[in-house]
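Lettering follows sequence order; numbering is per chain, from 1. Fair warning: this is a prediction, and the values are worked out from it, not measured in the lab. The analysis underlying the following values was restricted to heavy atoms, covering all of them including side chains, and did not include hydrogens, waters or symmetry mates.
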2 protein chains.
Amino acid sequence: MDSINIKKLAEALNLSTSTISRAFRDNSDINGATKERILTKAKELNYQPNHYASNLREQKSKTIAVIVPELANNYFSQAIHGIERVARENGYHILIYVTDDDYNKEVTFISHLHNGRADGIIMSVSGEANDHNYLNQFETKRLPLVFFDRIYDDIETPRVITNDYKSSFQATEHLIEQGCKRIAYLVVNKSLSIGKTRMKGYLDALSKYSIEFDEQLIVDCSNSYEENSIIIKNALVDLKPDGVFTSVERLAFATYYACYDLEISIPDDLKVISFSSLEIAPLLNPSLTTITQPAVEIGEEAARLLFKILDHHQDKNCFSEVVLDSKMIIRNSTSNLPESGKK
Amino acid sequence: MDSINIKKLAEALNLSTSTISRAFRDNSDINGATKERILTKAKELNYQPNHYASNLREQKSKTIAVIVPELANNYFSQAIHGIERVARENGYHILIYVTDDDYNKEVTFISHLHNGRADGIIMSVSGEANDHNYLNQFETKRLPLVFFDRIYDDIETPRVITNDYKSSFQATEHLIEQGCKRIAYLVVNKSLSIGKTRMKGYLDALSKYSIEFDEQLIVDCSNSYEENSIIIKNALVDLKPDGVFTSVERLAFATYYACYDLEISIPDDLKVISFSSLEIAPLLNPSLTTITQPAVEIGEEAARLLFKILDHHQDKNCFSEVVLDSKMIIRNSTSNLPESGKK
DNA sequence: TTGTATGCGTTATCAT
DNA sequence: ATGATAACGCATACAA
């Protein structure tokens with residue numbers, strides 16, 4: 001192998017490898033001039049300390065793993081963007097893993113990460129319906145882990161979430177104030193914490209306004225686009241709701257498509273509000289009223305929490321929780337007011 | 001340190017470390033029974049071969065780096081999804097780097113990757129206006145590199161692109177057929193290859209239909225949302241185009257916003273077509289006519305090209321080029337035909 | 001089939 | 001301020 005390494009650089013400069021090594025760390029005792037000389041020569045010969053050797057020696061990787069259910073989702077890509085930024089500022093790299101909402105992949109990823117590849121993990125979980133005790137099997141050796149958005153309630157680890165209960169209450173209340181009497185709640189898996197919390201807000205808002213709860217109006221959807229299309233169309237036809245609150249963005253899109261097909265007018269016949277991080281919600285037909293989570297900040301905050309642990313400023317098993325605020329933005333899908341500039 | 005390693009596992013089983021090591025590689029001579037015994041005990045003690053030690057020893061990382069200009073863009077998140085899938089199937093992991101369209105970050109990322117952290121790179125470039133010869137300075141030691149979508153023409157390395165020229169010609173032709181006489185071309189940086197190629201298709205289509213080319217109608221936009229808003233509004237007011245062809249998705253969104261504000265009706269007063277991977281283009285107001293690139297496949301193909309090199313099936317400096325087809329999908333932003341199911 | 005010994009490229013300790 | 005050396009955890013050539 002003719003590639004450069006610390007030894008060759010040392011020979012080329014007539015120095016020892018220790019001195020070379022010192023030139024690359026900040027704290028070490030080294031003569032300014034020699035350091036300069038080394039760095040110059042290093043650049044010339046294109047030398048960089050080998051990452052794997054350093055990590056082996058130092059027992060850390062300066063890498064964090066990010067595990068998300070999906071990537072083609074504005075919320076997650078924005079969150080990752082936030083994570084990436086903070087990680088880079090801290091000199092860390094990020095590995096990305098996509099579970100496609102498959103619990104088994106999540107387990108595989110996590111366990112394969114426990115071989116030194118990453119120093120910590122930031123995850124939005126996929127397997128709430130399954131056994132998440134697998135995370136405890138690592139015991140004290142479990143990697144530092146931070147949850148964001150979709151979490152496991154029973155795992156003791158820091159988390160970044162938004163106030164989903166409050167937002168859902170507010171969303172439902174908004175529909176009621178707009179005159180809705182039969183409000184459907186569309187959810188992907190109502191047993192998951194995120195769907196559950198959001199549903200509770202929905203239920204409590206109904207109750208506050210003494211609107212009778214009709215269990216049928218909780219519509220449990222799937223991850224398949226085709227299935228959802230059928231489920232939602234049936235729900236709209238059979239249940240005749242006058243308002244829809246969707247727990248995830250893509251169910252709102254599916255509702256729009258269904259309404260186009262069924263010639264149901266939004267917002268006249270049906271008002272729609274959704275959790276969504278879509279930046280072009282104002283461009284939809286009609287513009288979509290959203291509960292928007294601060295996705296980028298959530299990512300940044302999750303990364304910061306992780307670094308607190310990695311820098312030993314915090315125990316990795318603490319239950320610290322950061323709650324950020326979502327924002328309801330009212331647009332035409334729930335309101336008949338003429339929009340400014342709208343033709 | 002009380003963590004498990006190959007030595008402790010060997011002691012626990014009364015075997016040598018080499019035998020343990022062999023149990024974890026497929027090719028080695030090892031007794032089936034002992035292998036079984038080792039694997040069982042390994043699982044029990046939660047042992048996995050240390051990634052950094054293995055990589056140091058084997059001089060490869062089973063990791064590929066993906067560098068993109070931005071993440072909050074449907075095209076790139078879909079492409080990454082494709083890359084991730086193929087990488088995982090091949091037992092590789094992916095590192096993500098976002099340049100925010102900053103050439104300097106790109107250079108930094110690339111040079112820092114040449115320390116063994118990654119075995120290869122898949123990149124959509126950010127710095128066409130700058131010197132990209134930095135990639136050649138690594139000479140024979142340059143990491144295997146595959147470009148996708150935004151490429152450097154003068155770097156000899158495999159690439160995956162779409163037929164931008166043809167698509168742009170087609171897009172412009174479509175506008176002309178819809179009756180447009182003054183077609184503006186919105187581009188982020190017309191000197192970049194992607195903007196240039198797309199512009200050439202535009203120009204040639206104009207020429208085919210003997211439409212005089214007005215240089216003012218090439219509108220050079222920026223990366224700033226606010227600046228673009230002003231630039232585009234001015235262009236619409238001053239130049240009075242009747243058609244707009246935008247080279248990237250977000251310029252189409254900006255055009256929509258501008259039209260809302262200026263009360264310009266799409267498609268009556270202005271027809272709009274854009275390169276875009278937006279899955280909900282049909283939901284826009286009006287639904288957006290797009291040239292849609294097969295983003296996921298582009299990512300997959302790029303990953304496959306890279307693996308061809310990594311598996312030594314192909315030289316890393318070859319100029320192989322994979323061209324995939326984009327698809328024009330006509331919707332309401334360029335047509336007045338009543339849309340099925342549209343109320 | 002299994003064990004022994006060496007080195008991958010670094011950095012920390014200790015000595016000079 | 002600099003150098004010699006051991007160790008990080010593993011995989012391979014070679015020996016048995």
Side-chain angles (χ1 to χ4, degrees), chain A residues 1-39 41-42 45-63 91 112-119 141, chain B residues 1-39 41-42 45-63 91 112-119 141:
Chain A
M1 201 55 162
D2 64 340
S3 83
I4 185 78
N5 59 27
I6 200 172
K7 219 160 137 190
K8 286 188 199 150
L9 184 56
E11 280 166 14
L13 285 164
N14 243 300
L15 288 168
S16 77
T17 59
S18 335
T19 310
I20 307 294
S21 179
R22 275 188 270 260
F24 285 90
R25 32 222 61 271
D26 291 331
N27 49 349
S28 296
D29 283 348
I30 188 171
N31 183 302
T34 40
K35 177 165 178 175
E36 211 48 51
R37 204 157 64 87
I38 292 171
L39 262 26
K41 192 76 175 177
L45 297 182
N46 232 302
Y47 168 79
Q48 291 176 59
N50 180 288
H51 182 245
Y52 288 97
S54 302
N55 290 158
L56 175 57
R57 183 57 231 240
E58 299 186 41
Q59 303 286 36
K60 59 187 167 63
S61 64
K62 285 271 194 180
T63 301
H112 280 59
L113 283 168
H114 280 257
N115 64 352
R117 198 180 252 278
D119 295 340
K141 287 172 298 188
Chain B
M1 203 52 162
D2 64 339
S3 84
I4 186 78
N5 59 28
I6 199 172
K7 217 160 140 191
K8 285 187 199 151
L9 184 57
E11 280 166 13
L13 285 162
N14 244 301
L15 288 168
S16 77
T17 60
S18 34
T19 310
I20 307 294
S21 178
R22 277 189 267 262
F24 284 90
R25 24 226 67 266
D26 292 332
N27 50 349
S28 295
D29 284 347
I30 187 169
N31 182 302
T34 42
K35 177 165 179 176
E36 212 47 51
R37 206 158 62 87
I38 292 172
L39 261 28
K41 192 75 175 177
L45 298 182
N46 234 302
Y47 169 78
Q48 290 176 57
N50 180 287
H51 182 246
Y52 288 97
S54 303
N55 290 158
L56 175 57
R57 183 54 232 249
E58 298 188 45
Q59 303 285 36
K60 59 187 167 63
S61 65
K62 285 273 197 177
T63 302
H112 279 60
L113 283 168
H114 280 256
N115 64 351
R117 198 181 252 279
D119 294 340
K141 286 171 300 188

By nearest atom, which of the nucleotides D:dC10, D:dT2, C:dA12 is closest to the B:Ala53 side chain?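 Minimum distance to the B:Ala53 side chain belongs to D:dC10.
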Among C:dT1, C:dT11, D:dC10, the one nearest B:Asn31 by side-chain distance: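 Among the listed nucleotides, the one closest to the side chain of B:Asn31 is C:dT1.
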Side-chain N or O of [X] closer than 4.0 Å to phosphate OP1/OP2 of [N]:
| X | N | answer |
| --- | --- | --- |
| B:Thr34 | C:dT2 | yes |
| A:Gln59 | C:dT11 | no |
| A:Arg25 | C:dT11 | yes |
| A:Asn5 | C:dG9 | yes |
| B:Ser21 | D:dA11 | yes |
| A:Ser54 | C:dT11 | yes |
| B:Thr17 | D:dC10 | no |
| B:Tyr47 | D:dC10 | yes |

For the pair made of [atom1] in [X] and [atom2] in [N], what is the distance, rounded to whole Å?
| X | N | atom1 | atom2 | result |
| --- | --- | --- | --- | --- |
| A:Lys60 | D:dG9 | NZ | C1' | 17 Å |
| A:Arg57 | C:dA12 | CZ | C1' | 5 Å |
| B:Asp29 | D:dA11 | CG | P | 16 Å |
| A:Ile6 | D:dA4 | CD1 | P | 13 Å |
| B:Arg37 | C:dT1 | CZ | P | 15 Å |
| B:Phe24 | D:dT12 | CZ | C1' | 17 Å |
| B:Leu13 | C:dG3 | CG | P | 10 Å |
| B:Asn14 | C:dT2 | CG | C1' | 13 Å |

Any N or O donor-acceptor pair under 3.5 Å from the base of C:dG3 to the side chain of B:Arg22?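 Per atom types, the contact qualifies.
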Determine whether any donor atom in the side chain of B:Ser18 lies under 3.5 Å from an acceptor atom in the base of C:dT4, or the reverse, and answer yes or no.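 Present.
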Under 4.0 Å, heavy atoms only, any strand: does B:Ile20 hit a base, just the sugar-phosphate, or nothing?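 Answer is nothing: B:Ile20 stays at 4.0 Å or more from every strand.
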Within the structure shown, what part of the strands sits under 4.0 Å from A:Ile30 by heavy-atom distance: base, sugar-phosphate, or nothing?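 Sugar-phosphate contact only - A:Ile30 comes under 4.0 Å of backbone atoms but never of a base.
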Most 5' of B:Glu58 and B:Ser16 on DNA chain C, judged by nearest nucleotide: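 The answer here is B:Ser16.
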Under 3.5 Å: donor-acceptor pair, side chain of A:Thr63, backbone of A:Ser61: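 Yes; judged by distance alone, with no hydrogens or angles, the pair exists.
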B:His112 atom NE2: more than 12 heavy-atom contacts under 6.0 Å: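 Not buried by this count: 12 neighbours or fewer within 6.0 Å.
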Tell me if the CD atom of A:Glu58 is crowded by more than 12 foreign heavy atoms within 6.0 Å.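 Yes, because the 6.0 Å sphere around CD of A:Glu58 holds more than 12 heavy atoms from other groups.
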CA sep, side-chain torsions, deciding dist, call: B:Asn115, A:Asn50, side chain to side chain contact (heavy atoms under 4.5 Å, CB included): CA-CA 5 Å; B:Asn115 64 351; A:Asn50 180 288; 5.8 Å; no
Among A:Asn31, A:Ile30, A:Leu13, A:Ile6, whose side-chain contact (heavy atoms from CB on, under 4.5 Å) with A:Thr19 holds?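 Considering A:Asn31, A:Ile30, A:Leu13, A:Ile6, a side-chain contact (heavy atoms from CB on, under 4.5 Å) with A:Thr19 is found only for A:Ile30.
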For a 4.5 angstrom cut-off between non-hydrogen side-chain atoms, does A:Ile4 reach A:Leu45?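 Yes; the side chains approach each other to less than 4.5 Å.
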